[in-house]
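Chain letters run A, B, ... following the sequence lines, proteins first and then strands; every chain starts at 1.
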2 protein chains.
Amino acid sequence: MKLSTKGKYGLYAMVFLAQHDGEGPQSLKAIADLGLPEQYLEQLLGALRRAGLVTTVRGAQGGYQLAADPGDITVLDIIDAMEGPVNFSDCLSAPKNACPRGENCPTRGVWEYLTVKINDLLKGVSLKDMVENNVSLQVEGENE
Amino acid sequence: MKLSTKGKYGLYAMVFLAQHDGEGPQSLKAIADLGLPEQYLEQLLGALRRAGLVTTVRGAQGGYQLAADPGDITVLDIIDAMEGPVNFSDCLSAPKNACPRGENCPTRGVWEYLTVKINDLLKGVSLKDMVENNVSLQVEGENE
DNA sequence: TTAATTCCGACTTAATTTATCGGATTTCCG
DNA sequence: CGGAAATCCGATAAATTAAGTCGGAATTAA
């Protein structure tokens with residue numbers, strides 16, 4: 001289980017925008033200077049815009065900026081926009097009785113459980129957390 | 001972020017073996033009757049064997065069986081064997097200063113955090129839990 | 001008007017996933 | 001002993017997805 005470069009590049013770009021939040025639009029070139037392929041990144045930023053996570057200013061001096069407060073944009077938002085929703089099994093999106101294994105399939109519950117839990121995890125980290133380096137293994141909500 | 005069929009088929013097969021634990025070796029054909037492509041499954045079971053999760057009996061009346069108690073085999077073991085370890089970024093396996101972003105990369109902590117947390121999640125579900133349908137959103141270790 | 005910049009669809013290439021095939025080996029059982 | 005039932009294994013093929021490239025249209029500040 002790994003993250004695609006799409007997800008990673010998207011997150012890098014969003015962190016960059018968070019770091020420059022309030023400084024006006026950041027050009028594609030400036031973001032790509034992080035070491036990301038410029039033309040590929042352009043596609044990804046298009047997806048982020050269509051997902052409502054960034055706004056753009058076209059034309060000279062234009063660029064990209066966050067569409068919301070860094071504290072209100074989470075890793076989940078970004079991963080969802082870049083890779084589609086976390087999905088461990090298509091059987092979850094199908095009606096229960098459509099599954100050839102029937103309703104008491106012993107794995108269905110696990111797919112549900114893991115999907116919900118991982119979504120919670122991703123939702124728990126915002127861009128603000130990241131730029132403030134607030135993410136550690138003892139963050140909020142811990143009990144182990 | 002999704003699970004490959006490798007991971008899913010592997011888990012289906014292991015649950016089947018757990019359901020028939022103690023009944024002697026189960027043939028590939030019997031497992032494939034779950035609706036999985038037989039020759040592909042054979043590869044996967046080979047990987048599970050090499051990972052030490054199943055043992056095999058060759059020859060007529062042979063087959064596969066769990067190498068350990070169902071309570072001692074977790075979803076993590078199976079996913080790791082099928083897809084390799086959960087890995088959100090290669091920068092984690094490299095030394096800290098090998099990363100071109102330097103030591104204070106704001107995403108590195110997130111990769112670490114998510115990797116550990118997801119591993120914990122997967123480790124928390126055993127085959128025993130699954131066959132007993134013990135997996136729900138209120139399982140052990142909850143505090144939200 | 002020009003240069004900077006995003007936007008967009010089509011295309012290419014590379015990598016990975018998902019198988020399939022053919023035969024070698026092992027072992028039960030009559 | 002011989003045949004059938006199985007696993008084992010390396011190679012290959014097909015399909016899908018990921019990753020990256022290209023060329024040009026549209027927009028806008030200066």
Side-chain angles (χ1 to χ4, degrees), chain A residues 1-13 16-17 20 24-67 79 81-85 87-90, chain B residues 1-13 17 20 23-67 79 81-85 87-90:
Chain A
M1 208 169 19
K2 55 181 193 177
L3 209 57
S4 66
T5 66
K6 244 181 196 166
K8 272 188 289 189
Y9 292 174
L11 197 48
Y12 288 146
F16 180 89
L17 292 181
H20 295 83
Q26 303 294 313
S27 75
L28 176 63
K29 199 175 299 181
I31 306 173
D33 277 347
L34 290 172
L36 313 177
E38 188 169 332
Q39 294 172 295
Y40 187 37
L41 186 62
E42 189 184 327
Q43 278 185 54
L44 306 186
L45 283 163
L48 288 167
R49 176 177 48 79
R50 284 186 293 273
L53 299 180
V54 303
T55 57
T56 58
V57 178
R58 300 188 66 176
Q61 322 306 321
Y64 301 84
Q65 47 199 140
L66 295 185
I79 300 283
M82 297 284 83
E83 319 199 343
N87 178 18
F88 270 33
S89 177
D90 291 331
Chain B
M1 211 172 15
K2 55 182 190 174
L3 208 56
S4 66
T5 66
K6 242 183 194 163
K8 273 189 287 188
Y9 292 176
L11 196 49
Y12 287 146
L17 292 181
H20 294 83
E23 300 175 15
Q26 303 295 313
S27 75
L28 176 64
K29 198 176 301 182
I31 306 172
D33 277 348
L34 290 173
L36 314 177
E38 189 170 331
Q39 294 171 296
Y40 187 37
L41 186 61
E42 188 184 329
Q43 279 185 54
L44 306 186
L45 283 162
L48 289 168
R49 176 176 49 78
R50 286 186 291 275
L53 299 180
V54 302
T55 58
T56 57
V57 179
R58 299 189 64 177
Q61 323 306 322
Y64 301 85
Q65 48 198 143
L66 295 185
I79 300 283
M82 297 284 83
E83 320 200 341
N87 178 18
F88 271 31
S89 177
D90 291 330

Send over the distance from [X] [atom1] to [N] [atom2], rounded to a whole Å.
X       : N      : atom1 : atom2 : value
A:Gln26 : C:dT5  : CD    : C1'   : 14 Å
B:Gln61 : D:dA6  : CD    : P     : 6 Å
A:Glu83 : D:dT17 : CD    : C1'   : 12 Å
B:Ile79 : C:dT17 : CD1   : P     : 13 Å
A:Glu38 : D:dT21 : CD    : P     : 11 Å
A:Leu36 : D:dT21 : CG    : C1'   : 16 Å
B:Leu28 : C:dT25 : CG    : C1'   : 16 Å
A:Lys8  : D:dG20 : NZ    : C1'   : 15 Å

| message | Taking side chain to side chain contact (heavy atoms under 4.5 Å, CB included) as the definition, give me every residue that meets it alongside A:Ser89, ordered by chain and number, with sequence neighbours left out. | response | A:Cys91, A:Trp111, B:Lys8, B:Tyr12

| request: Return the residues of residues 39-55 of chain A meeting this criterion: a heavy atom under 4.0 Å from some atom of DNA chain D. Order them by number, or give none. | output: A:Gln39, A:Tyr40, A:Gln43

Would you check if [X] and [Y] make a side-chain contact, meaning some heavy-atom pair closer than 4.5 Å?
X       : Y       : result
B:Tyr64 : B:Leu48 : no
A:Leu41 : A:Leu34 : no
A:Met1  : A:Phe88 : yes
A:Met82 : A:Leu3  : no

Out of [options], which has the shortest distance to the side chain of [X]?
X       : options               : result
B:Tyr9  : C:dC29, D:dT7, C:dA19 : C:dA19
B:Lys6  : D:dA30, D:dT7, C:dT18 : C:dT18
A:Thr56 : C:dT16, D:dT21, C:dC7 : C:dC7
B:Ala60 : C:dC28, D:dA19, D:dT7 : C:dC28

| Phosphate-side-chain proximity, B:Tyr64 and D:dC8, N/O vs OP1/OP2 below 4.0 Å | yes

| A:Thr5 side-chain N/O to D:dA18 phosphate OP1/OP2 under 4.0 Å | no

| request: Supply the atom-to-atom distance B:His20 NE2 to B:Ile31 CD1, rounded to the nearest 0.5 angstrom. | output: 9.5 Å

| Straight-line distance of B:Glu23 CD to B:Gln65 CD, nearest 0.5 Å | 11.0 Å

| Taking N and O atoms by type only, does the side chain of A:Arg58 place a donor or acceptor under 3.5 Å from a partner on the base of D:dT27? | no

